[in-house]
Amino acid sequence: MSPIDLHSHSTVSDGLFTPSELIRRAAAQGVRVLALTDHDDVAGLEEAHEAASEAGIALVNGVEVSVTWNNRSVHIVGLRIDPAYKPLKDGLAAIRAGRGERARLMAAELEKAGIQGSLEGAYAYAANPGIISRTHFARFLVEKGIVKDTRTVFKKYLVKGKPGYVAHRWADFTDAVEWIRASGGIAVLAHPGRYDLGRTNLASLIADFKEAGGEAIEVVTGSHTADQFAQFARYAKEYDLLASCGSDFHGLGESHMDLGRLPDLPSGCKPVWHDWPEINSPECRVLSPEGSATQHSALSTQHWG
Ligand code: AMP
Ligand code: MN
Ligand code: MN
Ligand code: MN
């Protein structure tokens, strides 16, 4: 089990826990290093830092940026970003600005399918209205008894070819990598196994990402199967990319994987955290059965070449 989780969401985007609740749950579940990576917003980081120092875990400043690559929606996680860096802040604000209009169009599409009141219904679930998302519409559809759970919503509604879907242009792929890097962060291609791309398109996405300055890909994520852990470990090696792992936790009952339940990276992967100082911070030390402070093997940098 990995004590490092570099992808999670709070109520600042579409998670169910506030930043403080998320941190406390992560700590209780054995996570020692957590990145909060809300969609297109960094507003939860300040609260998360306070909670992390109380809970005694290391918090990594993160964000998950929505981008468009070849007319497809793709997510890029930024880790160790500077949330105050202006081009990044402005870029994220521009993405958020597009979400409101998209939500209105989604509600209009759902209305055509006979579903009334979804705009107000979705906003009722959005603690941060700036990040109105498909997840909030999904919760509304479940509340109304139209669909049994949120996972089923993404099979019957809100996806291409189904009611409520709206094509949308997100941030430019290359710009997003640039904002992250220029802020001092590392760009990570999020859950590459989830985009439903064929072999050729997947290879060109990874090649374009690397070309744009991307440095890592998610190998172990709640969105991948065990076979995909191995598949993306091979891609990481082939493209000389660092490997990341993150649960993509949103809340109980809504996520594929709970906090603190992430398998370790496959052997041979070079972890994205291989040279991070927080890995050797006191918060990262876990107690051995004898009670002396030792490091979990995944936290020791000695093991990676
Ligand atoms: P949006 O950014 O508004 O397009 O919403 C995307 C969010 O919807 C993702 O971050 C997930 O939280 C959620 N989502 C997308 N696909 C699925 C799925 N198949 N099952 C559960 N949640 C999903
Ligand atoms: Mn989400
Ligand atoms: Mn994502
Ligand atoms: Mn995510």
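Every value quoted in this text rests on a predicted model; they were computed, and no experiment measured them. Counting starts at 1 for both ligands and their atoms, following the listed order. Quick note: numbers below take in every heavy atom, side chains included, and nothing from hydrogens, waters or symmetry partners.
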Note to self: So, 2.8 Å as the limit: is an N/O/S atom of H250 located closer than that to the Mn ion (ligand 2)?
What the structure shows: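 It does: H250 brings an N, O or S atom closer than 2.8 Å to the Mn ion (ligand 2).
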Notebook entry, point to check: Is D248 close enough to the Mn ion (ligand 2) to have an N, O or S atom under 2.8 Å?
Noted result: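 No, outside the cut-off.
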Check: Restricting to N, O or S atoms of E64, which is nearest to the Mn ion (ligand 3)?
Finding: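 It is OE2 of E64.
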Next item on the list: Taking the side chain as every heavy atom from C-beta outward, state whether T37 and L6 have any pair of such atoms under 4.5 Å apart.
Entry: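 Not in contact.
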Note to self: How large, to 10°, is the angle at the Mn ion (ligand 3) when you draw lines to NE2 on H191 and to ND1 on H75?
What the structure shows: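 For NE2 of H191 and ND1 of H75, the angle centred on the Mn ion (ligand 3) reads 110°.
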Margin query: In this structure, would V12 and I131 fall into the same cluster of hydrophobic residues linked by side-chain contacts under 4.5 Å?
Written below: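 No, V12 and I131 fall in different hydrophobic clusters.
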Margin query: Would you say CG of D90 has more than 12 non-hydrogen atoms from neighbouring residues, nucleotides or ligands within 6.0 angstrom?
Written below: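 Counting other residues, nucleotides and ligands, CG of D90 exceeds 12 neighbours.
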Margin query: Can you confirm whether more than 12 heavy atoms, excluding those of E143, are under 6.0 Å from its CD atom?
Written below: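 More than 12 within 6.0 Å, yes.
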Next item on the list: Give the atom name of whichever N/O/S atom in D14 sits closest to the Mn ion (ligand 2).
Entry: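 Closest N, O or S atom of D14 to the Mn ion (ligand 2): OD2.
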Margin query: When you compare the side chains of D14 and H136, does any donor N or O come within less than 3.5 Å of an acceptor on the partner?
Written below: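 There is no such pair between these side chains.
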Next item on the list: Report yes or no: does H39 have an N/O/S atom closer than 2.8 Å to the Mn ion (ligand 4)?
Entry: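 Within the cut-off used here (under 2.8 Å), H39 places no N, O or S atom near the Mn ion (ligand 4).
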